[in-house]
Amino acid sequence: MTSESENMMISCFDFWKDGKTLEEGSEEWKEMSMKVREACESNGFFLLRCDDEVNSIEELFKSVKTLFHLPQQTKEQHKSPTPFSSFSVHKFMNTVYECFAIDDVLLSTSVENFTNLMWPQGNPNFCEVLKGMNLKMTGISSLVLKMIVEGYGLPKHYISDVENMKSCTQIRLNMYNTDPNKGASNGHTDKDTLTVLCQNEVQGLQMLSKSGKWFDVEIPQNCFVVIVGDALKAWSNGRLHAATHRVMMNGEKERFTFGNFVAPKDEMKIEVPGELVDDKIHPLRYRPFHYGEFINHFVSTRNHNAVDVFAGI
Ligand SMILES: O=C(O)CCC(=O)C(=O)O
Ligand SMILES: [Fe+2]
């Protein structure tokens, strides 16, 4: 299914059939893999329909709302040595945007520790809801990465390569408050491998097309957005597009989003598969690099185009 928004076709896929995931290796799986690759090449993102998750998404945002409505001083207790992970408040004109990140979510204790910091008396429901959604989203990243290997017709051993590109998982929780002064958050590409995002019913995500035009991405209540990050773009020799995106705050209602960001370990060497390079159309565009060095470069320069500056040939 596709829908036309301005002059961009936004792909919306469904990986599930009769409650089951498409069977890996089946004709339908292969067909879907081609479509996923094409969408990631042309737009750098797509919508993924998950009808079974509508109730979980609703449940999730009830929990997320209670978190952001805690006293400011409670939220400020969430501090992390990882850049951009501590609780932070950003102002765009008069609109406030608040954000938390939880690192290493796959470690069983990180969501628990975060929950206990926010609710010393405990909040098992919050913890379970977050962990459940994180698991779902990590599974989606795994599927998409395998589909990309399939979509390029790469040998199967590259599956372990892309699996390594999702060794670290971070959750980000965002809140955009209500204020009649509309404003946009900073446009950026995600520095990770792949981002899976969902939101409450308030729209606001915008993507920059390759031709340089911002357009709205309406996310239906039964959909996630899957966004290609810089690490995957570099691995694919720049064939996959890391879409620049931002949030246009409309100020009528609070907007909450929940994102799952998968990334390589710092020590992973990202290297373009030889099969994605040829002399004529696809000469090598990125030198091999360690993910952690790229992130250090980005943190110190905040360069929007960090991956190309750091590793581009
Ligand atoms: O909140 C959104 O819709 C986008 C958030 C985002 O781009 C991010 O956290 O990297
Ligand atoms: Fe982002």
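One-based numbering along the sequence shown. Remember, it's 1-based here, ligands and their atoms both numbered in the order they're listed. Values below: every heavy atom of this structure, side chains too, minus hydrogens, waters and symmetry copies. Note that the structure is a prediction, hence the values are computed from the model and not measured.
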Ring of Phe310, cation from Arg287 - is the NZ or CZ under 6.0 Å from the centre and inside 45° of the axis? yes
With the criterion set at N/O pairs under 3.5 Å, what does the list of contacts between the protein and ligand 1 look like, atom names and distances included?
| unit_1 | atom_1 | unit_2 | atom_2 | d |
| --- | --- | --- | --- | --- |
| ligand 1 | 1 (O) | Tyr176 | OH | 2.5 |
| ligand 1 | 1 (O) | Arg255 | NH1 | 3.4 |
| ligand 1 | 1 (O) | Thr257 | OG1 | 2.8 |
| ligand 1 | 3 (O) | Arg255 | NH1 | 3.0 |
| ligand 1 | 3 (O) | Arg255 | NH2 | 3.0 |
| ligand 1 | 7 (O) | His188 | NE2 | 3.1 |
| ligand 1 | 7 (O) | His245 | NE2 | 3.0 |
| ligand 1 | 10 (O) | His188 | NE2 | 3.1 |
| ligand 1 | 10 (O) | Asp190 | OD1 | 3.2 |

So, are Glu53 and Lys136 salt-bridged, with charged N and O less than 4.0 Å apart? yes
Between CG of Leu232 and NE2 of His241, what distance do you get to the nearest 0.5 Å? 12.5 Å
Atom pair CZ/CE of Phe224 and Met137 - distance to nearest 0.5 Å: 5.0 Å
Would a distance-only check, ignoring hydrogens and angles, find a side-chain to backbone donor-acceptor pair under 3.5 Å from His245 to Ala243? yes
For Val277, give me all partners under side-chain contact (heavy atoms from CB on, under 4.5 Å), at least two apart in sequence or on another chain. Asn237, Val272, Leu284
Could you grab the protein N, O or S atoms closer than 2.8 Å to the Fe ion (ligand 2) for me? His188 NE2, Asp190 OD1, His245 NE2
For the residue pair Arg172 and Phe258, would you count it as a cation-pi contact if the rule is NZ or CZ under 6.0 angstrom from the ring centre and within 45 degrees of the ring axis? no
What pairs with Ser80 under side chain to side chain donor-acceptor pair (under 3.5 Å), at least two apart in sequence or on another chain? Thr82, Asp103
Check the angle between the aromatic planes of Trp119 and Phe126 and answer parallel, tilted or perpendicular using the 30° and 60° thresholds. tilted
